[in-house]
Trainee: 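Quick one: the structure is below, questions incoming.
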Protein chains: 2
Amino acid sequence: MNKQSTVEIESAAHVLKLLGDKTRLTMMKLLQANECCVCEFVEIFEISQPAVSQHVRKLRDGGLVKETRRGQWIHYSINEESQHYELVQQLLHYLPGQEKHLEELQSKGLRIICK
Amino acid sequence: MNKQSTVEIESAAHVLKLLGDKTRLTMMKLLQANECCVCEFVEIFEISQPAVSQHVRKLRDGGLVKETRRGQWIHYSINEESQHYELVQQLLHYLPGQEKHLEELQSKGLRIICK
DNA sequence: TTATCATATAACAATTTACTTATATAAGCA
DNA sequence: TGCTTATATAAGTAAATTGTTATATGATAA
């Protein structure tokens, strides 16, 4: 049994709802190992750029990710200060790595653009 | 790092969506420690009986709980055979116990009816 | 400054969700 | 048998979600 603090059920439900979407869950798993920018997500998920922005905004509003502007690009990464960081990490461990998506980008030469 | 098998991201997202609702998440936390029947949930959540039935059906369809008929009552409990059992248990550990709801029922004398 | 690129926001539409009330089913009991 | 109780299903509805296209913002580069 781990030592772990509890969180309110309502706030946990909110986090789980955020993660209960295939696109956002895959984003989080990707971010667990890599910073990503919006343009990469657009390529990976094959949805419009606004759709990606709306997903990352939800994750940001929920405190799960943070953004860092690098010139004209905005990179997203896991927010380790989140109240739910530990819970989310535990959860993500159960998911298979999503590096295949990044490798596919690389092979298309699309990973370089925001570097 | 725990030894743990991974599950498909799509199927994990589905489970997390089921848990991403305050009512269902509280139900699961209650079930972690107790069997409950529909009539108890009706009292606890102050929603209609059909609303409760619809929530437990979603949890059952997702394989997270199982039902046992006991006379005219149907008792629900955690399905330990679920592919997502381990993930769900880990998750529930982060939540505070919900026994207060059962104690409240008891004090109203409503816990006895389905025994 | 103006053009371009990355991202965000606004407005809208289709779909899904979470309730409700009304009704059906299934077990227990007089 | 017929009545009551527990639960499920059906049908309808309001609100939330997730996408779209159009447009705004903000940084860079000519």
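Letters go in sequence order (proteins before strands), and every chain restarts at 1.
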Trainee: Tell me the interatomic distance from B/H75, atom NE2, to D/dA6, atom P, rounded to whole angstroms.
Mentor: 11 Å

Trainee: May I have the step-by-step check of side-chain contact (heavy atoms from CB on, under 4.5 Å) for B/Y94 and A/Q90, ending in yes or no?
Mentor: CA-CA 10 Å; B/Y94 285 91; A/Q90 285 271 353; 3.1 Å; yes

Trainee: In terms of the nearest nucleotide of DNA chain D, which residue is placed more toward the 5' end: A/I47 or A/G71?
Mentor: A/I47

Trainee: For the side chain of B/A51, counting heavy atoms from C-beta on, which of C/dA22, C/dA8, C/dC19 is nearest?
Mentor: C/dC19

Trainee: Looking at every heavy atom in both B/P96 and A/I9, which two are closest together, and how far apart are they?
Mentor: CD-N, 4.5 Å

Trainee: Report all interatomic pairs (protein N or O, nucleotide N or O of nucleotides 16-18 of chain C) with separations under 3.5 Å.
Mentor:
residue: C/dA18; atom: OP1; partner: B/D21; partner atom: OD2; Å: 3.1
residue: C/dA18; atom: OP2; partner: B/R24; partner atom: NH1; Å: 3.0
residue: C/dA18; atom: OP2; partner: B/R24; partner atom: NH2; Å: 3.3
residue: C/dA18; atom: OP2; partner: B/K58; partner atom: NZ; Å: 3.2

Trainee: Once you round it to whole Å, what is the distance between C1' of C/dC19 and NZ of B/K22?
Mentor: 15 Å

Trainee: For A/R70 and D/dG26, what is the distance between atoms CZ and C1' respectively, to the nearest whole Å?
Mentor: 18 Å

Trainee: Which whole-number value in Å describes the distance from B/F41 CZ to C/dC19 P?
Mentor: 14 Å

Trainee: Above 12 or not: heavy atoms from other molecules or residues under 6.0 Å from CD of B/Q89?
Mentor: yes

Trainee: Could you go through A/V15 and A/V7, starting from their C-alpha distance and side-chain angles, then the distance that decides it, and tell me whether this counts as side-chain contact (heavy atoms from CB on, under 4.5 Å)?
Mentor: CA-CA 11 Å; A/V15 166; A/V7 294; over 6 Å; no

Trainee: Give the rounded distance in Å between these two atoms: CD of B/E43 and C1' of D/dT7.
Mentor: 15 Å

Trainee: Is A/Y76 close enough to C/dA6 that one of its side-chain N or O atoms is under 4.0 Å from OP1 or OP2 there?
Mentor: no

Trainee: List every contact pair, protein side and nucleotides 1-5 of chain D side both N or O, where the distance is under 3.5 Å.
Mentor:
residue: D/dT5; atom: O2; partner: B/Q72; partner atom: OE1; Å: 3.2

Trainee: Kindly give the heavy-atom pair with the smallest separation between A/N79 and A/G63, and that separation in Å.
Mentor: ND2-O, 2.9 Å

Trainee: Just checking B/K66: does its NZ atom have more than 12 heavy atoms from other residues, nucleotides or ligands closer to it than 6.0 angstrom?
Mentor: yes

Trainee: Can you confirm whether B/E99 sits close enough to B/N34 that some side-chain heavy atom of one is under 4.5 Å from a side-chain heavy atom of the other?
Mentor: yes

Trainee: When you measure from the side-chain N and O atoms of B/S48 to the phosphate of C/dT20, is any distance below 4.0 Å, counting only OP1 and OP2?
Mentor: yes

Trainee: Look at the side chain of A/Q49 and the base of C/dA8, then say whether one donor and one acceptor between them are separated by less than 3.5 Å.
Mentor: yes

Trainee: CG of A/L19 versus C1' of D/dT17: gap in Å, rounded?
Mentor: 16 Å

Trainee: So, B/Q49 and B/S53: side-chain donor and acceptor under 3.5 Å apart, yes or no?
Mentor: yes

Trainee: Of all the heavy-atom pairs spanning A/R24 and A/K17, show the shortest one and how long it is.
Mentor: NH2-O, 3.6 Å

Trainee: Measure from CZ on A/F45 to P on D/dG19 and round the result to the nearest Å.
Mentor: 10 Å

Trainee: Distance check needed: D/dT9 C1' versus B/R57 CZ, whole Å only.
Mentor: 7 Å

